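Here's the structure, in structure tokens; my notes come after.
Nothing fancy with the numbering, it's 1 onward along the sequence. Since the structure is predicted, the reported quantities are computational estimates derived from the model, not experimental observations. The analysis underlying the following values was restricted to heavy atoms, covering all of them including side chains, and did not include hydrogens, waters or symmetry mates.
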Amino acid sequence: MPVFVDKAKIFIQSGKGGDGHISFRREKYVPNGGPDGGDGGKGGDVIFVVDEGINTLSDFHYGGKYKAENGEDGNKRRCHGKNGADLYIKVPEGTVIKEANSGKVIADMSGDNREAVILKGGKGGNGNMHYATSTMQAPKYAQPGQPAISLEVMLELKVIADVGLVGFPNVGKSTFLSKVSNAKPKIANYHFTTLSPMLGVVDLADARGFVVADIPGLIEGASEGAGLGHEFLRHVERTRMMIHVVDAASTEGRDPIEDIEAINEELKNYNADISKKPQVIAANKIDMLPDGENDEMIQKIRDKYEPLGVKVFATSTLTGKGIQELLYYVSRTLSEMPEQKVVFEQEFFPETMARENDEAYSVFYDDETSEYVIEGPKIEKMLGYTNLESEKGFAFFQKFLADNGILDELEKLHIGEGDTVRMYGYSFEYYRNADTQPVYDDEEETNE
């Protein structure tokens with residue numbers, strides 16, 4: 001049986017778009033030939049899908065890198081590069097995908113959201129067949145494919161249930177769930193018997209059924225990381241209401257009212273919205289009280305919480321006393337509540353991040369080569385559209401550098417006329433108002 005894991009961090013990456021190809025026709029009966037470099041293929045997407053057959057994130061327990069396939073480069077004779085295969089990542093229903101650093105939600109794999117494209121693959125670059133003009137009949141450049149997008153994401157499984165059972169360890173929650181549903185949790189007389197949320201379906205005659213989740217026992221300080229229960233507080237977020245189980249018989253020497261207050265404070269500290277959910281109290285273990293449901297402690301609990309609108313039921317999971325009354329009350333309450341399920345809205349948009357990265361560039365001085373360097377996706381993208389070997393093309397690129405403040409960045413680094421500037425294999429001498437061709441130190445190869 002797989003280990004229950006409800007939180008994992010993984011690295012995902014879409015596929016890079018294939019580069020456009022540079023080549024020229026050499027055909028017997030086509031005297032002038034022409035550019036015939038094909039386009040690059042699109043990179044693969046990273047797609048998350050809900051798999052009904054799994055209920056844990058154990059496959060991602062040790063992290064890992066998940067990469068979609070790159071698009072193939074274009075080829076001669078106008079051949080289009082093959083598109084990269086999409087990567088499908090299967091997760092259980094209820095998985096929330098977050099950007100790891102900010103904790104912002106990218107997608108919530110629940111409700112109607114069964115499949116989500118998280119990262120889109122890069123677009124393939126155009127081959128040189130696209131750039132022939134009446135004045136430039138043999139373009140020796142092609143467009144590079146768009147880069148891959150990388151992202152570290154946090155996967156969090158938040159179980160989907162109508163009702164959450166909360167309370168201190170060993171108050172009878174697991175026994176309660178086993179009595180009212182088809183769930184078979186481990187039951188023993190020691191703390192933290194429940195090591196993972198356990199779901200059970202409650203069926204009632206002549207009333208609507210509902211799903212109950214037994215949340216591992218909380219202790220005071222759980223919202224700050226104390227004990228085991230804090231690992232599972234996230235599962236309470238999706239529930240519509242809560243059954244607060246308390247040991248009314250004080251079998252472990254704690255005061256029941258203090259227990260209730262402590263747990264409610266932990267819920268509030270973790271997420272204030274959780275503490276506002278409707279709640280019903282199961283004052284449990286009345287079979288161990290001298291006067292049963294009429295005991296003085298039961299009355300104290302009722303006197304404190306029922307004036308606040310919180311219904312209190314005296315229950316015994318051993319004898320079944322009070323259980324049915326509580327379940328029918330919960331069913332009626334759920335029927336009166338809106339049907340809307342808790343689905344977390346998107347807060348982080350990877351495509352925006354990708355656009356920002358595409359516009360990035362850096363300008364710096366390389367001490368080892370004594371050259372000024374300009375690099376970044378923005379520069380690479382523009383080089384793909386520009387023919388630096390033509391006078392007009394080089395002048396156009398100079399204007400691009402000036403309009404984007406890159407020449408100003410160079411001057412802040414104290415560049416002088418005649419100094420060498422390097423960009424992706426191209427090197428040329430710097431002039432503020434350049435009217436000369438670039439001088440290549442290291443030309444890129446072409447297929448002719």
Side-chain angles (χ1 to χ4, degrees), residues 163-181 185 187-194 198 200 202 212-223 226-229 233 236 239 241-270 274-333:
V163 180
L165 294 178
V166 296
F168 268 76
N170 204 28
V171 295
K173 299 196 312 299
S174 295
T175 305
F176 180 94
L177 185 66
S178 70
K179 293 284 188 180
V180 305
S181 74
I187 300 170
N189 189 29
Y190 52 85
H191 287 178
F192 301 123
T193 302
T194 306
M198 180 69 67
V202 176
V212 180
D214 175 14
I215 309 301
L218 302 176
I219 64 173
E220 195 167 0
S223 62
L228 175 69
L233 273 165
V236 188
T239 59
M241 69 177 296
M242 288 176 287
I243 299 175
H244 195 145
V245 185
V246 63
D247 178 5
S250 302
T251 58
E252 298 197 351
R254 296 192 309 267
D255 181 272
I257 292 178
E258 290 181 2
D259 279 6
I260 296 171
E261 292 297 302
I263 294 300
N264 285 340
E265 187 64 23
E266 291 310 310
L267 295 174
K268 182 179 179 181
N269 289 340
Y270 178 75
I274 293 178
S275 63
K276 299 174 184 176
K277 292 179 183 289
Q279 190 174 125
V280 58
I281 294 175
N284 199 30
K285 301 188 180 182
I286 60 171
D287 54 282
M288 303 183 73
L289 289 172
D291 297 320
E293 63 180 305
N294 298 316
D295 193 84
E296 182 180 350
M297 178 52 71
I298 299 295
Q299 193 58 47
K300 284 183 179 180
I301 297 172
R302 286 187 172 128
D303 290 344
K304 181 170 179 63
Y305 292 102
E306 290 196 340
L308 302 176
V310 179
K311 186 72 172 173
V312 177
F313 289 86
T315 64
S316 170
T317 52
L318 182 64
T319 66
K321 182 72 174 178
I323 300 293
Q324 287 298 306
E325 293 87 343
L326 185 152
L327 295 178
Y328 276 96
Y329 174 82
V330 170
S331 177
R332 289 194 302 273
T333 303

Taking every non-hydrogen atom, the tightest pair across [X] and [Y]:
X: Asn284; Y: Thr317; result: OD1-N, 3.3 Å
X: Val166; Y: Met242; result: CG1-SD, 4.0 Å
X: Val246; Y: Pro256; result: CG2-O, 3.5 Å
X: Asp259; Y: His244; result: O-NE2, 4.5 Å
X: Phe168; Y: Arg254; result: CB-NH2, 3.3 Å
X: Met288; Y: Ala249; result: CB-CB, 3.9 Å

Distance in Å, [X] [atom1] paired with [Y] [atom2], rounded so as to fall on 0.5 Å steps:
X: Lys285; Y: Glu252; atom1: NZ; atom2: CD; answer: 6.5 Å
X: Asp287; Y: Leu318; atom1: CG; atom2: CG; answer: 5.0 Å
X: Thr315; Y: Ile298; atom1: OG1; atom2: CD1; answer: 8.0 Å
X: Glu261; Y: Lys268; atom1: CD; atom2: NZ; answer: 10.5 Å
X: Phe313; Y: Arg302; atom1: CZ; atom2: CZ; answer: 9.0 Å

Between [X] and [Y] (side chain of the first, backbone of the second, donor and acceptor by atom type, cut-off under 3.5 Å), is there such a pair?
X: Ser331; Y: Leu327; answer: no
X: Glu306; Y: Val312; answer: yes
X: Asp295; Y: Ile286; answer: no

**Study point:** Steps toward side-chain contact (heavy atoms from CB on, under 4.5 Å) verdict (Val310, Lys304)
**Key:** CA-CA 9 Å; Val310 179; Lys304 181 170 179 63; over 6 Å; no
Check whether any side-chain heavy atom of [X] sits under 4.5 Å from a side-chain heavy atom of [Y], and report yes or no.
X: Leu289; Y: Glu296; value: no
X: Gln279; Y: Asn264; value: yes
X: Ile260; Y: Ile301; value: yes

Review point. Can you tell me if CE on Met241 sees more than 12 non-hydrogen neighbours from other groups inside 6.0 Å?
Key: yes
Revision key, fill the gap. With sequence neighbours left out, the residues meeting ring-ring contact (aromatic ring centres under 6.0 Å, His included) with Phe176 are none
Study note, to complete from the structure: Of Ile243, Asp214, Thr239, the one forming a side chain to side chain contact (heavy atoms under 4.5 Å, CB included) with Val163 is Ile243
